[in-house]
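Below: one structure, written as structure tokens.
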There are 2 protein chains.
Amino acid sequence: MERPELPLPQLHAFVVLAEELHFGHAASRLGIAQPPLSQQIRRLEDKVGYALFSREPGRICLTPAGRQLLPAARHALTGLAEGLAAAREVGSGRVGRLRIGFAASLALTVLPSLLRTFRERFPAVDLDIQEMTTTPQLAALRERTIDIGLLREPPAHDTDLGFETVLTEPFVAVLPSSHPVAAQRAVRVEQLADCPFVLLPRAVGPPLYDQIASLCIAAGFTPQVTQHAVEWQTVCALVETGLGVSLAPESIRRIRLKGVAFRRIEPNAARTRVAVAWRKNDSNPLVPHLLAALDQDPPDRP
Amino acid sequence: MERPELPLPQLHAFVVLAEELHFGHAASRLGIAQPPLSQQIRRLEDKVGYALFSREPGRICLTPAGRQLLPAARHALTGLAEGLAAAREVGSGRVGRLRIGFAASLALTVLPSLLRTFRERFPAVDLDIQEMTTTPQLAALRERTIDIGLLREPPAHDTDLGFETVLTEPFVAVLPSSHPVAAQRAVRVEQLADCPFVLLPRAVGPPLYDQIASLCIAAGFTPQVTQHAVEWQTVCALVETGLGVSLAPESIRRIRLKGVAFRRIEPNAARTRVAVAWRKNDSNPLVPHLLAALDQDPPDRP
DNA sequence: TGGAGTGATATCTCTAAGCGTATGGAGCGC
DNA sequence: GCGCTCCATACGCTTAGAGATATCACTCCA
């Protein structure tokens, strides 16, 4: 790539003159006097090395060299104008692309309203939404394969990633409707001591898993996890078939399944945090835009 | 078409930096110090209104806005460089297009050697060659549908068109071989007084026609034109079949036809001029190039 | 903790571009 | 022949841009 030889203002003058074929008219279209236009053209011709216009009294027309240069000049000018406009659109965040990872349990609470308000405000933005559990989200953020993460129990501090709590929610017991404890409006954790448990694998989100486990331990028992499932949807299905019970964030109440009951637990102290995560140094203007949308638009309550 | 907002030198710096992603390296590739490069980029970012690079210690990368602008900048730069190079090629006359009209009788003398030497010198030039009689050539030159004319008996002066004599040639008598006069090495025009004549229509080239007619008148008779043909080739064919005799420029000797004899005429005073014609104000550099080739390369003798 | 590396900033200089006004000069038509 | 149109030229002014050097701020690493 060599250094540019022809300045754009002169090319602009050239294109306009090529359209008008009249120095006076072209000059007024350019908003300048006629002599400066003559100079511009002359300078351009000096740089090209050949005449671009043939001036005959009465009429003026392009030389072959000028005809050859014209399309390149026009393309450069229009291309740059369009590119600049597009870059400004992207820079302002009116258009662009945002890749969002989200935990499946948020598909029914945080995500819908967030997407609704964001789409409303930035209809031209491409949103790439993909479901991911917490740990892969953190990796994907670092690898720049997603720009925004919606996850549970974020790490407290991180040098590269920023976190902000979207909501905190209590836990509920997930029981088969036929389970005797399901008859109560609220259950105590220790009532589940003898039940087999269905949970997400610890690797999917260690902090959440540990939080659930410590709920049980605080109630005086270690949960007997007889079954794992990577999605809450599946957990509920397994509970329905009577394979066990579970403790889960309140969000999953939204999974309405006949034969599954959700019950408040008591005491109701422990809460799980849902957070949004992003790269602190991300230059994408859509990231702050999304965070703003999240701030102003509280998620649907379960 | 609006006035350009982004100067090319800054876009050049932008593209190079986008390739290097390192201010120091990019600056040295540009042949400048690092601080001026920082300034260039900063100015460009100011004009765009948004950051184009995100500077993090250790690595620097494009923002979405920068990624959006990059292809436009690159296209503008390369497009202009190519367009400029092409315009210079055309301006110098190394490449381009030249439309040439020629009289049929020159297809065997002037034209072949001219095309040979011109093609040799300017192999990249497109030559559009078309056969035209004299009068249409002059019209085509004025209408700019041809750039060069090769014709007979050009008008003496013209405000718009230039003429230069390529060669002058004597007239020859065209006779059937069986004609008694064909036995002589040279014929006197008055020997043809009683023969029917085959000639080109006067409209094709009035000066040439008039010249031939006046040859006869000078010999004391008015030619009895019994047959017209628009090409010399056809004239010869008609002469062969015995339809008449003709007087023609010596060039047509090249039309070798059994049964047709060409004989020098005496006295051998009258000559016909072959000339090249062009628009005086033509800006195509190939026109002077062709004239130069014509000057340096005398046509084949018949 | 100090030095290397990297980029930003401050300041200065100089040139070339860009524009305006005034003027010159060639064609063209009345 | 005179005036008009149209483009070129001359001259002066102003400013943006591009460059250099010197220096600062930050990070990272030994």
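Every chain is numbered from 1 and lettered A, B, ... according to where its sequence line falls, protein lines coming before strand lines. All figures in this text were calculated on a predicted structure; none of them were measured in a lab.
- Under the ring pair (Phe, Tyr, Trp, His ring centres under 6.0 Å) criterion, His22(A) pairs with His25(A), not counting sequence neighbours.
- Contacts between residues 3-16 of chain B and DNA chain D, counted as heavy-atom distances below 4.0 Å, involve Pro9(B), Gln10(B).
- One axis for each end of the helix from dT1(C)-dA30(D) to dC30(C)-dG1(D), each built from five base pairs, and the angle between them comes to 20° at 10° resolution.
- Contacts of His289(A) classified as ring pair (Phe, Tyr, Trp, His ring centres under 6.0 Å), with partners at least two apart in sequence or in another chain: Phe122(A).
- For Pro207(A), the side chain to side chain contact (heavy atoms under 4.5 Å, CB included) partners at least two apart in sequence or on another chain are Glu153(A).
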For residues 144-152 of chain B, tabulate all N or O donor-acceptor pairs below 3.5 Å that involve a side-chain atom, not counting sequence neighbours.
residue	atom	partner	partner atom	Å
Thr145(B)	OG1	Ala140(B)	O	3.2
Asp147(B)	OD1	Arg99(B)	NH2	2.8
Asp147(B)	OD1	Arg279(B)	NH2	2.9
Asp147(B)	OD2	Arg99(B)	N	2.9
Asp147(B)	OD2	Arg99(B)	NE	3.1
Arg152(B)	NE	Ser105(B)	OG	3.0
Arg152(B)	NH1	Glu169(B)	OE2	2.7
Arg152(B)	NH2	Ser105(B)	OG	3.1
Arg152(B)	NH2	Glu169(B)	OE2	2.8

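- Taking every nucleotide of DNA chain C with any atom under 4.0 Å from a non-hydrogen atom of chain A, the first and last of them, 5' to 3', are dA17(C) to dG27(C).
- Every residue was checked against the side chain to side chain donor-acceptor pair (under 3.5 Å) condition with Gln130(A), not counting sequence neighbours, and none meets it.
- Counting only residues at least two apart or on different chains, the salt bridge (Lys or Arg N to Asp or Glu O under 4.0 Å) pairs with a member in residues 58-82 of chain B are Glu19(B)-Arg74(B).
- In this structure, the ring pair (Phe, Tyr, Trp, His ring centres under 6.0 Å) partners of Phe14(A), at least two apart in sequence or on a different chain, are Phe53(A).
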*Reading nucleotides 22-30 of chain D from the 5' end, what letters show protein touch, with B for base, S for backbone sugar-phosphate only, - for no heavy atom under 4.0 Å?*
B----S---

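- For Asp158(B), the side chain to side chain donor-acceptor pair (under 3.5 Å) partners are Arg142(B), not counting sequence neighbours.
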